[in-house]
Amino acid sequence: MSTSTETAPNIHVFDDAEAVARAAAERIVDLANAAKQEKGSFSIALAGGSTPRRVYELLASEDFANRVEWRHVHVFFGDERCVPPSHADSNYRMANESLLSRAPLPEMNVHAMTGEGDAVANARLYEDDLREFFDGASWPAFDLILLGMGDDGHTASLFPGTEALGERTAWVVANWVDKFKSFRITLTAPAINHAARIMFIVTGAGKADRLPQILGGERDPQHLPSQLIRPESGALDWYLDEAAAAKL
Ligand code: 6PG
């Protein structure tokens, strides 16, 4: 039974996608430094897709990179496509090109999901990696998880009508997505909901119809999986541009 305390989401609306990316990068730097101060390290799970690329580029840029002590940052992934890391669809590739290969991050601090091969085994391997990092915790306690939202209301690789939506115990699963005729590796909703902070970064008019349903509509997570994201005790922020927020 979920014990989430229904934290009301904080909704931040900015003029455009560049302003969203800049504000998100600023927030990530502040959170990284606060976590380093408080407990000596910062664990972040990256979102895939196209929207976060600009955030990652900014974090690796002159304006931001030297404001973070990267050796204390541990980078994980929220989901991955079942392709090799060199593939154009690989979330790892996108993150590597825009951030991981450009920021002074120790290689061993980067925890990529394996996209190639047996998806079920790869999901289990990644859960083992997380359980080792979060050392005996009952759920992973990421300092920050970044999420995007698809125009169908999916987040991470939690797609409408898929099996992973009902997962209650696993941290990571291989989720079969019929529209892609492929598995995706993804954190589960309970694993995401145990993060200290969750940040959705959503831009563009293509998302404007779905957002009111997610944030204020009927509860229907089977069709609107982003509704499954309700922090157990952490904070939930939505970083939106005017175009995405136009119908809120
Ligand atoms: C993925 C993502 C996915 C993404 C949304 C939004 O691997 O595709 O993790 O959940 O965040 O599909 O994608 P865009 O940012 O490209 O709109």
Side-chain angles (χ1 to χ4, degrees), residues 1-7 9 28 31-32 35 39 41-49 52 73-82 91-92 95 109-115 118-150 153-177 183-202 214 219 221-222 224-238:
M1 189 212 43
S2 163
T3 56
S4 62
T5 52
E6 283 303 319
T7 316
I28 294 167
L31 292 168
K39 51 195 182 77
S41 70
F42 176 64
S43 56
I44 179 171
L46 302 181
V73 176
H74 294 267
V75 177
F76 296 85
F77 284 77
D79 69 325
E80 186 57 280
R81 293 92 180 267
C82 290
N91 285 337
Y92 172 78
N109 288 19
V110 177
H111 304 254
M113 290 178 168
T114 305
D118 179 340
V120 175
N122 290 337
R124 198 158 307 129
L125 275 177
Y126 202 67
E127 180 159 334
D128 293 347
D129 188 8
L130 291 180
R131 284 184 183 275
E132 191 184 331
F133 182 83
F134 290 108
D135 195 18
S138 47
W139 288 102
F142 289 99
D143 294 306
L144 177 64
I145 295 187
L146 303 181
L147 293 174
M149 185 197 80
H154 82 264
T155 190
S157 280
L158 301 170
F159 285 85
T162 58
E163 201 178 320
L165 302 185
E167 185 56 49
R168 291 288 167 271
T169 54
W171 296 12
V172 187
V173 293
N175 192 27
W176 178 259
V177 185
F183 278 105
R184 290 277 193 100
I185 317 259
T186 186
L187 294 181
T188 60
I192 293 169
N193 286 334
H194 281 84
R197 187 169 286 273
I198 300 165
M199 182 193 282
F200 274 95
I201 304 172
V202 179
I214 302 284
R219 184 139 178 85
Q222 271 301 315
L224 301 168
S226 291
Q227 286 186 337
L228 286 173
I229 307 307
R230 296 170 150 189
E232 286 294 327
S233 58
L236 175 59
D237 294 277
W238 289 78

Check your understanding: Has the side chain of Asn109 got a donor or acceptor atom that lies under 3.5 Å from a matching backbone atom of Ser43?
Key -> no

**Study point:** is_close_aromatic(Phe76, Phe133), centroid dist under 6.0 Å
**Key:** yes

Point to revise | Any residue meeting side chain to side chain donor-acceptor pair (under 3.5 Å) with Thr162, in chain and number order, not counting sequence neighbours | key: Asn175

Review point. Which heavy atom in Ala47 sits nearest to a heavy atom in Pro52, and how many Å separate them?
Key: O-CG, 3.6 Å

Exercise for review: Enter the distance from Leu125:CG to Asp118:CG here, rounded to the nearest 0.5 Å.
Suggested key: 9.0 Å

**Study point:** Sole candidate of Thr155, Leu147, Leu130, Leu158 that passes side-chain contact (heavy atoms from CB on, under 4.5 Å) when paired with Leu187
**Key:** Leu130

Revision key, fill the gap. Between Arg230 and Asn193, the two heavy atoms sitting closest are N-OD1, 2.8 Å

**Study point:** Nearest-0.5 Å distance that lies between atom CZ in Phe159 and atom OG1 in Thr186
**Key:** 8.5 Å

Exercise for review: Quick one: pull up CZ in Phe200 and CH2 in Trp238 and give me the separation to the nearest 0.5 Å.
Suggested key: 4.0 Å

Practice item. Could you name each residue pair satisfying salt bridge (charged side-chain N to carboxylate O under 4.0 Å, His left out) that touches residues 185-195, not counting sequence neighbours? Key: none

Exercise for review: Check whether any side-chain N or O of Glu127 sits under 3.5 Å from a backbone N or O of Trp171 as a donor-acceptor pair, and report yes or no.
Suggested key: yes

Exercise for review: Look up atom CG in Asp129 and atom OG1 in Thr114, then write down how far apart they are to the nearest 0.5 Å.
Suggested key: 9.0 Å

Practice item. Check whether any side-chain heavy atom of Ser41 sits under 4.5 Å from a side-chain heavy atom of His74, and report yes or no. Key: yes

Review point. How long is the span from the CH2 atom in Trp139 to the OG1 atom in Thr169, to the nearest 0.5 Å?
Key: 6.0 Å

Practice item. Using modelled atom types only, decide if a donor and an acceptor are shared between the side chain of Arg219 and the backbone of Gln227 within a distance under 3.5 Å. Key: yes

Exercise for review: Specify the closest pair of heavy atoms between Pro231 and Ile198, including all atoms of both residues, with the distance to one decimal.
Suggested key: CG-CD1, 4.1 Å

Revision key, fill the gap. His154 and Ser226 have their tightest heavy-atom pair at O-OG, 3.5 Å

**Study point:** Closest approach of Ile214 to Met149 (non-hydrogen atoms, all atoms of both residues)
**Key:** CG1-SD, 3.8 Å

Check your understanding: Is the shortest side-chain N to carboxylate O distance from Asp237 to Arg197 below 4.0 Å?
Key -> yes

Check your understanding: How about Ile192 and Ile229: do any of their side-chain heavy atoms sit closer than 4.5 Å?
Key -> yes

Revision key, fill the gap. Shortest non-hydrogen pair, Phe183 vs Ala119, comes out as CB-CB, 3.7 Å

Check your understanding: Quick one: side chain to side chain contact (heavy atoms under 4.5 Å, CB included) partners of Gln222, sequence neighbours excluded?
Key -> Leu165, Asp220

Check your understanding: Donor-acceptor pair, Tyr126 side chain versus His111 backbone, under 3.5 Å?
Key -> yes

Review point. Do Ser157 and Asp79 have a side chain donor and acceptor closer than 3.5 Å?
Key: yes

